[in-house]
Q: 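Take this structure first; my questions come after.
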Amino acid sequence: MTYQPLSEVRKTLRVDWYRCPMKPGRLRELSRRSDAQGWFQAGGHTALFILTGALVFGFWWNELWLAMLIALFFHGTVASFFTGTAPHELGHGTVFKTKWLNKFFLYFFSLIGWWDHFDYASSHTYHHRYTLHAEGDRENLLPLEPSLASTFMLQLFTINLLTERGRTFGKGGLISTLVITVLGAVGRVPSDERAPINEWLKALHRDQPEQHRRSIVWCRILLLFHGGVLLIAIVSGWWVLPLIFTVAVFIGNWLSYFVGLTQHCGLREHSRDFRKNTRSTKINPLFSFLYWRMNWHIEHHMYAGVPCYNLSKLYHEIKDDMPAPRTLLGAWQEMRMVWDRQRREPGYEYDTPLPPTANPEPIEEDRPARASTELERSIGELAPAGLQES
C-alpha cells in the first residue's frame, strides 16, 4: 500500500479522541511524577538485572552449568523488558520528576537492550496521536498473528536467534537485530518487503531527518559498546560476559511476548475510542512490574502523561466508563478467536463490549469529541523537536 508523506498526514488527519471523564483536578494529581517511585521502578528493574547477572556469573565461575543455564533463563526474562518496554516509559519522560534521571535510565536500558530510542520517539509519537490509523501510525500494523508455532515458542523459551521483524516496531531476534543495527549505523534500512515496518522507518526518516541522524550515531554507539564487551570477553577469557550484557535480551523472551502482544492485537482500526482499539489486562504484581505497568494499556493511551506507577489508580477512577480488563489467558483466548475468524473473514475486527455504565462509543466522525485540555493530550516529553505541537 502507498501512503502519503507524514508531513501531509499531520495537516490532514486529526483524531478527536474520546477520553473518559474524571473529577476536576484528579488528572493533575495522577500526572505528578515521583523520584521515589521512579527509583523503585527503574532502579528495581536494574537491581533484578544485576542480581540475576551476578548469579549467572557466579555459577559460571564455579562451573555449575545447569544452575548457570537456569539463572540465564531468569536473567534473560528480566532483560527482555529492556527492549522496548523500559525505554518506552522513560521515553515519555514521566518516570522521574528529575529529568536527567529519565534520560540516564533511558540511555542505560536502550544500550543493554539494543534499542534505538531516537527512531522510536518519532514512531511512538505518531502511534499515540493516530493510534491504529495506518495513515499516521504503522508502529503496529494489523492484523497481528498471536502465534504459538512450535519453532517460534522454542526460540522464545531459549534464545531468540532467527525471528525477523514484521508488523511491529523493533521486534526481532539476535541476528536480525544485529543486521538492522549495522545497517542503521550507515543510515540504511533493510529493503525486505515482507517486513512492513521497514517502510515505516523509511517514512519516519524522510519526515524527521534530524532524528534519523541521531539514530545513526546511536547505532554506532550500540555496536561499539557490544563490540567492546565481546573484546573484553576474548581478552579476559570470561566468555560469559556477552551472555550477561549483549545476548541476554534475546534469551527467555516468552514473558515479554505474552504480555506485550495483547496491547492492540485483533482490535479495531480507525476508531477514535481507545476502549475499542486497545486492551488492558490484569496480571500478577511481578509481571506488571517487569512490564512497567503497561498492562494498563487503555489507560496509558487515554492519558499518556500519567506515570506508569499511577495507571492502576487511573483505572479505578474511570472504571465505570471502561471495559473490564482481561486476564492474560482471557486476552490470548480472545486474540486467538479473532485470528481464526480473520483467516476466514479478512477485515474482521473484534468490537470490545462496554459495560452498561459506560458512555457509548462516539461513532459519528463529524461529531467532535469533548474538547480536551493540554494536560489530557499530553504524551510527556516523548515527541522529538520536529514533532512537538505548538
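What you are looking at is a predicted structure, and each value in this text was computed from that prediction instead of being measured.
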Q: Taking the six-membered ring of Tyr3, is the NZ or CZ of Arg138 close enough (under 6.0 Å from the centre) and on axis enough (within 45°)?
A: yes
Q: By the rule that ILVMFWY residues connect when side-chain heavy atoms come within less than 4.5 angstrom, directly or transitively, which residues belong alongside Met337?
A: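 Answer for Met337: Leu267, Val338, Tyr348, Tyr350.
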Q: Can you name the residues that form a side-chain hydrogen bond (donor to acceptor under 3.5 Å, both in side chains) with Arg28, not counting sequence neighbours?
A: none
Q: Among all residues two or more places apart in sequence or in another chain, which pass the side-chain hydrogen bond (donor to acceptor under 3.5 Å, both in side chains) test with Asn160?
A: Thr163, Asn253
Q: Under a plain distance cut-off of 3.5 Å, with no hydrogens placed, do Trp292 and His45 share a side-chain donor-acceptor pair?
A: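 Result is yes, a qualifying pair exists.
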Q: Can you find a side-chain donor-acceptor pair between Ser122 and Gln211 that sits under 3.5 Å?
A: no
Q: Do His92 and Glu381 have side-chain atoms, one donor and one acceptor, less than 3.5 Å apart?
A: no
Q: Hey, can you tell me if Phe157 and Trp254 have their rings parallel, tilted or perpendicular (30° and 60° cut-offs)?
A: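 Answer is parallel, since the angle falls under 30°.
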Q: Does Ala42 offer a backbone N or O that forms a donor-acceptor pair with the side chain of Thr46 under 3.5 Å?
A: yes
Q: Run the salt-bridge test on Arg275 and Asp321 with the 4.0 Å N-O cut-off and return the result as yes or no.
A: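 A salt bridge links Arg275 with Asp321.
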Q: Say whether His264 and Asn140, considering side chains only, have a donor N or O and an acceptor N or O under 3.5 Å apart.
A: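 Distance-only check fails for His264 and Asn140.
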Q: Quick one: do the His205 and Asp119 side chains pair a donor with an acceptor below 3.5 Å?
A: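 A pair is found: one side chain offers a donor N or O, the other an acceptor, under 3.5 Å apart.
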Q: Does one side chain, of Thr83 or Trp114, offer a donor that lies under 3.5 Å from an acceptor on the other?
A: no
Q: Taking 4.0 angstrom as the limit, do Glu199 and Lys202 come out as a salt bridge?
A: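 Lys202 and Glu199: not salt-bridged.
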Q: Looking only at the side chains, is there a donor atom on one of Glu139 and His128 sitting less than 3.5 Å from an acceptor on the other?
A: no
Q: With a 3.5 Å cut-off and no angle check, do the side chains of Arg326 and Gln333 form a donor-acceptor pair?
A: no
Q: Parallel, tilted or perpendicular, judged at 30° and 60°: which one describes the rings of Phe108 and Phe104?
A: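 Phe108 vs Phe104 ring planes: parallel.
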